[in-house]
There are 2 protein chains.
Amino acid sequence: MDTAPNGGDERPRWLSDDEQRVWRAYRHATTLLEDHLDRQLQRDAGMPHIYYGLLVQLSQAPRRRMRMTELAKDAKITRSRLSHAVARLERSGWVRREDCPSDRRGQNAYLTDEGYEVLKRSAPGHVAAVRQAVFDRLSPEQVGQLGEIMRLMAEGLQPSDPDADLPWLR
Amino acid sequence: MDTAPNGGDERPRWLSDDEQRVWRAYRHATTLLEDHLDRQLQRDAGMPHIYYGLLVQLSQAPRRRMRMTELAKDAKITRSRLSHAVARLERSGWVRREDCPSDRRGQNAYLTDEGYEVLKRSAPGHVAAVRQAVFDRLSPEQVGQLGEIMRLMAEGLQPSDPDADLPWLR
DNA sequence: TACGGCTTCTTGAAAGTTGAACAAAGCCTC
DNA sequence: GAGGCTTTGTTCAACTTTCAAGAAGCCGTA
């Protein structure tokens, strides 16, 4: 069904050759980088990249703790995924949960001292990996360009707001 | 301990504030986009993004078939992962396997007519999604910049060549 | 030919992710 | 305060990915 996203019978606007090349380069680079960082962290910190990101977020929060939903939102993952992730990090002893005092539905996840140590131990290696793969290879101008491009892309993909596609309803 | 990856006592070079912002923007945009496309394809084509990519590759190969290893290499995934993926696509009827005539260890995966139809049906929606999320939001200059940046990043992450880190050994 | 070493692909188990369904608590209105 | 709607976090089952191990065929060398 060609009808899906362009309300009528409009024919699809394919990518130009240049655009295709750029899109392939994007796919290629982003998957290579994600694989690389995932392995680096699995090896050096014993967890996948996204779990590491959760610890980082917690480490920066006041009192090193956060509501589950808030953490999920910041990390751009579903609550379901976060539940599993925190359960695993709890098993590893790096995070624990506590009841939220102000909302009895809620849970706070907090970083343990042990978790903090893991973070401190693996952060330098991780930063080095990021730097080596990205920032050391780009000119300052390119870093700026990358930031702006990513900002624009994200803008069009605002998370989860179900009316994002329907601005005329606001 | 700061000692990990820099052989000696060199202290880690943290990211500057600007770099951190760019890195966050990168993470943010790339994960949003990947989630978005994954859902789009799961909904409209009944498979995750990467499986769709496999069908695309096959559709462009001569006689719509490819050796497993070659396909895995092009798609930047492990042979193991490809085995599972092709098994699943075979169950869906979109791909089949055949023995490779020239190497009895080998297998060719080929796209069925049914698989080709799925592709034809879902390609326009997918292209539209990519265009809407990326190319429609960037100026032509930015598209060029993105391509170059991604090319540079990928260059430093060459897949799988175990000696890539040891150029002096060549 | 026999041997060791390499490549090709698959398998199974463990780990992680997804989406739907659910219980519990909050919130709003009558 | 009863009813209905929303939010919060978890759970289950189905699916995907990873890693280690292994069967089978290739290839070079003696």
Side-chain angles (χ1 to χ4, degrees), chain A residues 31 34-43 45-54 65-92 95-110 159-163, chain B residues 31 34-43 45-54 65-92 94-110 159-162:
Chain A
T31 66
E34 186 58 22
D35 284 7
H36 181 65
L37 295 181
D38 245 332
R39 289 208 178 122
Q40 184 265 318
L41 282 170
Q42 191 72 58
R43 176 164 47 73
M47 68 191 116
H49 194 181
I50 205 166
Y51 288 33
Y52 180 88
L54 296 175
R65 65 198 64 209
M66 253 190 241
R67 280 292 290 274
M68 293 291 279
T69 294
E70 192 194 352
L71 184 50
K73 212 168 290 176
D74 285 10
K76 277 106 202 166
I77 61 179
T78 60
R79 287 193 314 260
S80 167
R81 188 172 173 185
L82 181 62
S83 269
H84 291 293
V86 168
R88 180 317 199 160
L89 290 170
E90 207 165 21
R91 257 176 269 130
S92 304
V95 163
R96 268 201 274 286
R97 278 182 271 214
E98 66 184 7
D99 292 343
C100 172
S102 57
D103 183 338
R104 294 206 301 165
R105 293 168 304 182
Q107 293 278 104
N108 282 327
Y110 68 91
S160 59
D161 178 350
D163 296 337
Chain B
T31 66
E34 186 57 21
D35 284 7
H36 182 65
L37 295 182
D38 246 332
R39 285 199 187 129
Q40 185 264 317
L41 282 170
Q42 191 71 59
R43 176 164 47 73
M47 69 192 116
H49 194 179
I50 207 171
Y51 288 31
Y52 180 87
L54 296 176
R65 63 199 65 210
M66 252 190 243
R67 279 292 290 273
M68 293 291 280
T69 294
E70 192 194 353
L71 183 50
K73 213 169 288 174
D74 285 9
K76 277 103 201 169
I77 62 180
T78 60
R79 285 195 311 265
S80 168
R81 188 174 172 184
L82 181 61
S83 268
H84 290 296
V86 168
R88 185 306 204 167
L89 290 171
E90 208 165 20
R91 256 176 270 128
S92 304
W94 300 331
V95 163
R96 267 201 275 285
R97 278 182 271 214
E98 66 183 6
D99 293 343
C100 172
S102 57
D103 182 340
R104 293 205 303 165
R105 293 167 303 180
Q107 292 278 107
N108 282 326
Y110 68 90
S160 60
D161 178 349

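Letters A, B, ... are given to chains in the order of the sequence lines, protein chains preceding strands, and every chain is numbered from 1. Worth saying up front: this structure is predicted, and the values here are computed from it rather than measured. For the numbers below, each heavy atom of this structure counts, side chains included, while hydrogens, waters and symmetry mates do not.
- Rounded to whole Å, atom P of dA23(C) lies 19 Å from atom CG of Asp103(A).
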Please set out all donor-acceptor pairs under 3.5 angstrom arising from side-chain atoms of residues 77-85 of chain A, sequence neighbours excluded.
unit_1, atom_1, unit_2, atom_2, d
Thr78(A), OG1, Arg81(A), N, 3.1

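- In this structure, Ile50(B) reaches the sugar-phosphate backbone alone: every heavy-atom distance under 4.0 Å involves primed, P, OP1 or OP2 atoms, never a base.
- Contact annotation for Arg97(B): backbone-only contact, meaning every heavy-atom pair under 4.0 Å involves sugar-phosphate atoms and none involves a base.
- The span of DNA chain D lying next to chain B, judged by atoms under 4.0 Å from heavy atoms, is bounded 5' to 3' by dT16(D) to dC26(D).
- Taking atom CD of residue Gln107(A) and atom C1' of nucleotide dA24(C), one finds them 12 Å apart after rounding to whole Å.
- Among the atoms of the strands shown, base atoms are found under 4.0 Å from some heavy atom of Arg79(A).
- No hydrogens or angles were tested; on distance alone, nothing pairs the side chain of Ser83(B) with the base of dT11(C) as donor and acceptor under 3.5 Å.
- At a cut-off of 3.5 angstrom, the base of dT7(C) holds at least one donor-acceptor pair with the side chain of Arg105(B).
- Across the protein-nucleic acid pair, Arg67(B) atom CZ and dT7(C) atom P stand 13 Å apart, rounded to whole Å.
- Contact between the side-chain N/O atoms of Arg39(B) and the OP1/OP2 oxygens of dG19(C) is found at a separation under 4.0 Å.
- Residues Asp103(A) and Arg67(A) are paired through a salt bridge, judged by an N-O separation under 4.0 Å between the basic side chain and the carboxylate.
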